[in-house]
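Small disclaimer: the values here were computed from a predicted structure and weren't measured.
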Amino acid sequence: MLRWLRGFVLPGVACQKDEDDLRYEILFQDLDSDGDGLVDIVELQEGLKNWGLSSGQNSEKHIFEAGNTNDDSGLDFEEFMQYLKDHEIKMRLAFNSLDKNNDGIIETSEIIAALKSLGVNISEAQAKKILQSIDSDGTMTIDWDEWKYYFLLHPAKNIDEIAHFWKRSTIIDIGESISIPDEFTEQEKRSGDWWRRLVAAGIAGAVARTCTAPFDRLKVMMQVHSLKSRRLRLIGGFEQMVKEGGIHSLWRRNGVNVFKIAPETTLKIGAYEQYKKWLSFDDAKVGITERFVSGSLAGATAQTCIYPMEVLKTRMILGDTGQYSGIIDCGKKLLKQEGVRTFFKGYIPNFLGILPYAGIDLAVYELLKNYWLEHYATNSVDPGIIILLGCSALSHTCGQIASFPLNLVRTRMQVQALEEKGTTTSMIHLIQEIHNNEGKKGFFRGLTPNIIKVLPAVIISCAAYEKVTQNMGLI
């Protein structure tokens, strides 16, 4: 970043302080596009964008608020200079914390060690990619000047936030998958951006679920009606649903699926933070293993609490038109006819399916990420949105395939009262029954619509999230 600025050299008689001041003055003049002596938030945003410095995390807002000490409409040169000098002190502390042997340069081994202490495990090849993105003279080391100008206009204040920047900007994943909540910086927690991002993610998830709801309903129908589904195909399945209840039946009870986003996310985040505290000893940094275990346990905790809603969703999806007037009516009828236990039918296979889904999803994403970094990251370690979407879609697909047999068993157990006139079959007996009557393929009935919906769901959720965060002032 800003390598052109570092390349600007003053006459030899100038001291380092004067050299820096003149460089910063040139930088200020370049930002002040209208020449009024003030850099407003729009000019700062445009400047960061033009120089490729925007991290997508509202960098200009943090810089503007930190530097604008008199709370007017823009940064004057004195405020701009003071911000850079204060920021330089923080960057010096961060540099020193990485430079363990105090030789004035940062090497790949020091990057690996520093990130490992923060719970971020990377290979030597990945560390070299990070180093190359900062190294401007080709020495494969980072000196103070290179470090300072790279982070000159990035609001990170310490090595923890710098690691978070690398994670978001260079796809250094620290263990999050679709089942594991995201991390939030201290800045996001203090500013309240963390809950705004959760709201944005919830809205994006609701949009994606609504758009792909017809595929989800078809999947459940094919899972349950096994004999019919042998002849049921995608088009035929949609035609059957429309014939039975009209076009609106394609989205039958999608509201339940959307409604459970809020409690599930809240429970998952709260449980995730608590499990991380329990698994970290003596205030040690939480590593990838601890994050994965915490995320899986948090997912299991959230699923346990909202599982009755999963049962209600399945039963309402399979219900005839007009059978239930709503989720409350469905709950009352199930309670009266089948008792409390019916709300937890299929819980065990649902619980067992969490670990393989999260594990396969994470492992595949790590594999794809490392492969791209090793073979295609030449001048930049940022793959772009297309590669990210592809990796996410493929990893989610693999996770779903791995856990799909348990998902099918769960759904069959949830609707046993409909299929078998109130009789209850154990999970083991049901697995044997499916294998004997339908063969191995029977465990994957309904997989096709489930796979088809993955890529559009990922694309829609990403596009919706981007739009919502823009409207909420997060980008």
Side-chain angles (χ1 to χ4, degrees), residues 175-181 205 209 212 215-224 226 256-257 260-261 263-265 267-268 271-272 275 291-315 317-318 341-365 392-416 424-435 438 440-454 457-458:
E176 287 85 0
S177 71
I178 194 171
S179 298
I180 301 176
R209 291 187 185 193
T212 58
F215 291 98
D216 194 50
R217 189 180 177 215
L218 181 60
K219 176 200 73 173
V220 174
M221 290 181 62
M222 294 177 71
Q223 285 181 325
V224 174
S226 58
V256 180
N257 202 27
K260 69 187 181 72
I261 292 177
E264 184 176 11
T265 302
L267 289 166
K268 188 184 293 184
Y272 180 60
Y275 285 128
R291 292 178 194 276
F292 172 69
V293 173
S294 298
S296 298
L297 291 174
T301 301
Q303 279 287 306
T304 301
C305 295
I306 61 99
Y307 190 75
M309 296 181 69
E310 291 284 351
V311 177
L312 291 172
K313 183 192 78 170
T314 301
R315 297 294 286 269
I317 283 177
L318 294 171
R341 294 183 62 183
T342 193
F343 293 104
F344 289 93
K345 286 184 177 179
Y347 172 77
I348 293 178
N350 181 75
F351 179 83
L352 295 176
I354 292 175
L355 193 60
Y357 183 94
I360 297 296
D361 181 24
L362 176 61
V364 172
Y365 189 82
S392 297
L394 188 55
S395 64
H396 295 340
T397 299
C398 293
Q400 288 193 349
I401 293 174
S403 62
F404 196 82
L406 287 169
N407 181 284
L408 181 138
V409 172
R410 178 201 70 180
T411 303
R412 293 276 185 94
M413 293 181 72
Q414 288 175 342
V415 297
Q416 279 179 350
T424 300
T425 304
S426 67
M427 182 182 73
I428 300 300
H429 181 73
L430 183 59
I431 291 174
Q432 292 174 342
E433 186 179 289
I434 294 172
H435 184 269
E438 305 171 46
K440 295 179 181 179
K441 291 183 178 180
F443 292 101
F444 293 93
R445 302 215 177 273
L447 180 62
T448 300
N450 205 49
I451 296 300
I452 290 176
K453 77 172 186 179
V454 171
V458 171

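Atoms NZ and CD1, on Lys440 and Ile434 in that order, are 15.0 Å from each other to the nearest 0.5 Å. For the atom pair CG (Leu408) and CE (Met413), the distance works out to 12.0 Å, reported to the nearest 0.5 Å. Taking CD1 from Ile348 and NZ from Lys345, the interatomic distance works out to 13.5 Å, rounded to the nearest 0.5 Å. A distance of 9.0 Å separates CG of Leu312 from CZ of Arg315, quoted to the nearest 0.5 Å. The line from OG of Ser395 to OH of Tyr357 is 7.5 Å long, rounded to the nearest 0.5 Å. The line from NZ of Lys313 to OH of Tyr307 is 10.5 Å long, rounded to the nearest 0.5 Å.
The side-chain heavy atoms of Ile451 and Ile401, taken from C-beta on, include a pair separated by under 4.5 Å. In this structure the side chain of Val293 never reaches within 4.5 angstrom of the side chain of Tyr275, judged on heavy atoms.
Remark: side-chain polar atoms of Ser426 are paired, donor with acceptor, to backbone N or O of His429 under 3.5 angstrom. Under the 3.5 Å distance criterion, the side-chain polar atoms of Arg217 are matched with a main-chain donor or acceptor of Ile317. Under the 3.5 Å distance criterion, the side-chain polar atoms of Arg209 are matched with a main-chain donor or acceptor of Asn257.
For Lys219 against Gly446, the heavy-atom pair with the smallest separation is CG-O, 3.3 Å. Glu264 and Ala302 make their closest contact through O-CB, 3.7 Å (heavy atoms, listed as atom of the first residue, atom of the second, distance). Closest of all the heavy-atom pairs between Ala402 and Ile360 is CB-CG1, 3.7 Å. Ser403 and Gly353 get closest at one heavy-atom pair: CB-O, 3.6 Å. Here the shortest heavy-atom pairing between Ala393 and Val458 reads CA-CG2, 4.2 Å. Here the closest non-hydrogen pair linking Leu352 and Pro356 is O-CD, 3.0 Å.
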Exercise. Could you walk me through whether Val311 and Phe344 pass side-chain contact (heavy atoms from CB on, under 4.5 Å), step by step?
Key: CA-CA 7 Å; Val311 177; Phe344 289 93; over 6 Å; no

Practice problem: Show your working on side-chain contact (heavy atoms from CB on, under 4.5 Å) between Leu430 and Glu433 and close with a plain yes or no. | Solution: CA-CA 5 Å; Leu430 183 59; Glu433 186 179 289; 4.1 Å; yes

Exercise. Could you go through the side-chain contact (heavy atoms from CB on, under 4.5 Å) check for Thr304 and Tyr347 one step at a time?
Key: CA-CA 8 Å; Thr304 301; Tyr347 172 77; 2.5 Å; yes

Exercise. Assess whether side-chain contact (heavy atoms from CB on, under 4.5 Å) is satisfied between Ile431 and Phe443, documenting all intermediate values.
Key: CA-CA 8 Å; Ile431 291 174; Phe443 292 101; 3.8 Å; yes

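A donor-acceptor contact closer than 3.5 angstrom links the side chains of Asn450 and Gln400. Using modelled atom types and a 3.5 Å distance limit, the side chains of Thr301 and Tyr272 yield no donor-acceptor pair. Judged by distance alone, the side chains of Asn407 and Gln223 do bring a donor and an acceptor atom under 3.5 Å apart.
Of the listed residues (Gln303, Glu310, Gln414), just one forms a side-chain hydrogen bond (donor to acceptor under 3.5 Å, both in side chains) with Asn350, and that residue is Gln303.
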